[in-house]
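Here's the structure, in structure tokens; my notes come after.
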Amino acid sequence: MLITKPESILEAVPPAIEFIGLTKKFGSLLANDNVSFAIRAGTIHGIVGENGAGKSTLMSALFGLYKPDAGEIRLNGKQVSIKSPSAAIARGVGMVHQHFMLVDRLTALQNVIVGSEGRFWLGGRISACREKVTAIQRRYGLAFPLDATIRSLPVGVQQRVEIVKSLYRGAEILILDEPTSVLTPDEAKGLFHVFRSLAAEGKTIILITHKLQEVLEVTDNVTVLRQGRCIVTTPTNSVTRASLAEMMVGRKVGRISDVRAPATCDVRIRVRDLAFRDPSGTARVSGLSFDVHGGEILGVAGVSGNGQTELLSMLAGLVGPSDGSIQLGSLTVTPNQPASPIKVRASGVAHVPEDRLRHGLVPKWSALENSVLGLQRSGKVAGLGNWIVRSKVAEWCRELMIAHDVRPPDPHRPIRVFSGGNQQKLVIGRELALDPEIILVGQPTRGVDIGAIESIHRKLLAQRQAGKAILLVSVELEEVMDLSDRILVMFEGRSMGELLRDEFDERVIGLMMAGSQRDSAIKQIGGGEG
Amino acid sequence: MDYLALLLITASALRLAVPVLLAAIAGLYAETSGLIDIGLEGKMLVGAFAAGAFASLSGDPWIGLAGAMAVAIVIAMAQGFASITLRGNQLVIGLAINIIASGLTVFLGIAWYQRGGQTTPLADAARFPALKLPFAESIAHVPVVGPLYNVALSGHTILGYLAFATVLATWFILYRSSYGLRLRACGDKPEAVDTAGVSVVGLRYSAMVINGALCGAAGAYLAIVQGGAFYRDMTAGQGFMALAALIFGNWRPGRVLAACLLFAFADAIQGRLQGSVLAGFEVPTQLIQGLPYLLTILLLAGVVGRAEGPAGAGRPYVKGER
Amino acid sequence: MRRMSTVVGGVLAAFINIFIAVALGGILILAVGEDPIAALDVVLQGAFGSLDGLSYTLHYATNFIFAGLAVAIAAQANQFNIGGEGQAYLGGLGVTLLCFAMPGFPWYVALPFAIVAAMAFGAIWVAVPAYMVARRGSHLVITTIMFNFLASLLMIYLIVNQFREAGSMIPASAAISPSLELLRFDQILAAVGVQVPESPLNVTILVALVCCVLVTYLVWHTRWGYELRAVGANSEAAAFAGIPVNRVIIQAICISGGLAGLIGVNEIMGAQHRLMLDFAFGYGFTGIAVALIGANHPAGIIPASILFGALYQGGASLSFLFPSVSRDVVIVLQGLVILFAGGLVHVLRPLATSAVEAVLVRMGMAGERI
């Protein structure tokens, strides 16, 4: 293995941050297992790993949100104990969380200064704060309107508020947790530019991500975590995409075999000029049209928050469209003819929701009760009529668990103690139980371990083989490219066009995700190469 | 109705508004910090009992007021401990506070005073005197403004004037101080405050101290100024009226004041309207008494306006859980 | 195994809760210079010491079963109905109107209609708050508080201005016709030759027990109950699963209001035989204590109701024997029980459950721990 010693011990200048033997347990789960590595001041340091590799836990320890069970943290060579975020802030550590820590109803300026206002009465003081914030904004090119409420700002801009908030508090070390998940590739480039100018001033940037491209693009050094353990810390120019991926997952990464039967032609999902406006009147989806045939997977790619969730919600009947029409098998949905999840399910549609613990399962219930959620009126499960016969439902659940390899196959176990992969397998098994003709899938492998990812992917391909129409929404570009027959890219609620399988190109899709139309994206990439 | 009658109604509405206003502002602090408080009624009641007891014992209204505030703060701290530290269900806890208060005040009242739950009636020296505002007499003859000043605005107690000053102070604290900014952030998104290095627990406890003090003052007003003694269940739903005013006032000090005045005017007018006939109907007093609740329901039902409270209210804060 | 320790742990937690509350009540009695042990003895004697006392205890328990079930079924939908008192008043209004519409009918003919009327009035009264919860996201607690005051004002208006007998100064309606008075247990006992003093315990307690059975089946053994619990446990997942969340919430709250309305049957046809002011005073709150102690399950609600019925009945004897102790100590106890149930929810139950688990493990009953 490539475990390097913290080189810093040999150097004269102590590293900005040093983890030594850091360990954190959650119950029986070892989130961080004896993690040791160092980060030099003035560098951009990537921390990569799969979901659940322990990246966020490690950074939460540095920011004082969790107390480590063992090990120590050193800042500039001095051992420190960081008991709370305020202690972290006092030591110059700032963090931009994946879910922003901003108050919707307050203004950007108020969000930046809250907790560090400097004085009790804000009357005259606020203008001094304003000057300081404006100076930071100008220095690093982080523009946003100071007096706009947070909820009126787009996510990308909110992120700038978060960064300025940390800098305002004098952060010398800035942690960013998956900062690009809400950004287009272009916005991400802008963010990386900010990173470089911060690093040039001697600030230390820690970038937590699971996107390898970013690591290669922007970081000086990289640490790979896997299952809570530190696999390697090394200069970025010494690794390749493939070697990083291998270290992340612990084995060679291949693609699923690619023999495909053609689609069976008949259209199962027909969407025309679909639009959705949220209650505040903002258009979330507009002018969207596409077809999905039987025996086909249509992948919907895009940066999260570009209308994919709303599209899925409309297709599943959870919200009605504001305009346009949806045809699901024999069911037609228009603004005047709204659907409901019941009707949609009745016309042979299954739905694997994006966030399984919020939308797909009842966490405090057993597997048994979860295994029939949504099937309770299908007439498919014995013992589940007007009266419920528990023993029969338990039998059904056990069979389902065995068929879909949910481990352990114990119907009475609370669902929350199953791993993410086993939970997802139960959800997928349940949704496939009605033998649907149309399958809506959102983020099928989010927070799922590697072994289960493969089995889930195989399951979806088998359904495609069986002639089902599948709409797959995922922010994991690789997943979409591996599974789909066609990819539709969404940007700001609109379609940027569709790509056929032989046109799949990460760079083209990247441009489309940033708002380029299909043809111009292909031309740009083609032109660049030719 | 002549002008003088209108002024008398105004004066009486201002008096009636005070306890509801104090309690509503108390609720405003708790809810802005993220704690739903349906225990206002109970803390007012305990405050009123303590005020009656301390004032009659000492013969000094200020000691009565201080005692009421201290005892209500103790109750608010117990409520805070259960809802902040133990992260219990805020609604259930608030409800329990009300029930305990209604039982305990009567129980202790009967045990200590043997007057069927009433405390010893207060001597005049143990009550706040009505204050004549400066120049009230001298400008009384100036048309319109003079009587307004002399009859309606002058002649209230120091506690009444302080209550209205509290609204102004609260506005400045909430919208012009760092404490207020933190408090508002805490109620909407406690994790934002926590990661900004400010203690959510500390903020919420501090809000509950203010909450208890104001509830105690509201109770003291009932016992020392209005009642001249504590009577069993003397709050008679005014704590819930305060809750209604808080919602009706959309959790903003100025509008809460307006809501309290509206409710108080309805209350002051009902005595006069009793038995009178409007458009061929005899107006039942109960309809006017129910007006604050009806209006709040209409507001919540979306018939009039829209209410938006603190987004994080009612949710116990668990560190590191997002 | 897991189930068992949860259930036993819950029971243990309830007992600890009650024990602490009673102990604090004892300290309170000590504080005013009386003997708490003697007071407890008086309460128990008053509640269970005689057939007479026992029947009063069970009469109150009947009301509390209705109130507790009402809170419990709404709680299954994750809704907190604290308006049981108002819904009980309206239920009583429904029963009174029905009784005035059916004078002279035998009680057993009128009873089914009275049940329907009480439930309908209670349900309709809570329908507006229910609708506001489902469609507007208003807080049921806030709206039902407001509706309690409105109910109380409405009753004052109706009784004083409409129902009061001419010339009467008592705020109550005229009496219902004697044939409509429900059969009392002292009458049943008298028929078999046992003479006991008259007490209000009547056949409504059977209605309450039937309701317990029906609620158990409805919530835990029917499809609708499954959907109800899904809505309560995770309303978003329920919506994704095609459950009409808003409709289920409205239905649950209306059933809750209907159950609270049944208090009107017990009080008006069973006990007071006329519509009186404040006949359900505080019952909605007692229902919350009952449901909290009874873990929102009929099997817990029945004993909890009897406990509070005993406190109500026994508390009344207290003030006779101890001049400085009023029956309000019972209200304090009730408040303490609610406080501990709400405040210690993350402390008491997990503690008791893990204690039970530890005991079971030590006893070698762990078996395969799953």
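Here is the naming used below: chain letters follow the sequence lines, and residue numbers restart at 1 for every chain. The basis for the numbers below is simple: all heavy atoms, side chains too, and nothing from hydrogens, waters or symmetry mates.
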Review point. Mind checking whether C/F80 and B/L95 have side chains closer than 4.5 Å, heavy atoms only?
Key: yes
**Study point:** Minimum heavy-atom distance between B/A301 and C/M132, given as atom pair plus value
**Key:** N-CE, 3.5 Å
Review point. Are any of the side-chain heavy atoms of B/I110 and C/V32 separated by less than 4.5 Å?
Key: no
**Study point:** Between CD1 on residue B/I100 and CG on residue C/D328, distance to nearest 0.5 Å
**Key:** 13.5 Å
**Study point:** Part of C/I82 lying under 4.5 Å from any heavy atom of chain B
**Key:** side chain
Exercise for review: Would you indicate whether the side-chain heavy atoms of B/Q289 and C/I156 approach each other to under 4.5 Å?
Suggested key: no
Check your understanding: How long is the gap from CZ on C/F147 to CG on B/L294, to the nearest 0.5 Å?
Key -> 8.0 Å
Point to revise | Flag side-chain contact, heavy atom, 4.5 Å: B/F107 against C/V325 | key: yes
Practice item. Please work out whether the ring planes of B/F240 and C/F149 are parallel, tilted or perpendicular, with thresholds of 30° and 60°. Key: tilted
**Study point:** Top contributor to chain B interface from C/L153, C/I288, C/V160 [non-hydrogen pairs under 4.5 Å]
**Key:** C/L153
Revision key, fill the gap. Between B/L104 and C/V332 the two heavy atoms that sit nearest each other are N-CG2, 3.3 Å
Point to revise | C/L28 versus chain B, the contacting section by heavy-atom distance below 4.5 Å | key: both
Point to revise | Heavy-atom pair count under 4.5 Å with chain C, highest-scoring of B/A82, B/S83, B/A111 | key: B/A111
Exercise for review: Would you indicate whether the side-chain heavy atoms of B/L300 and C/M146 approach each other to under 4.5 Å?
Suggested key: no
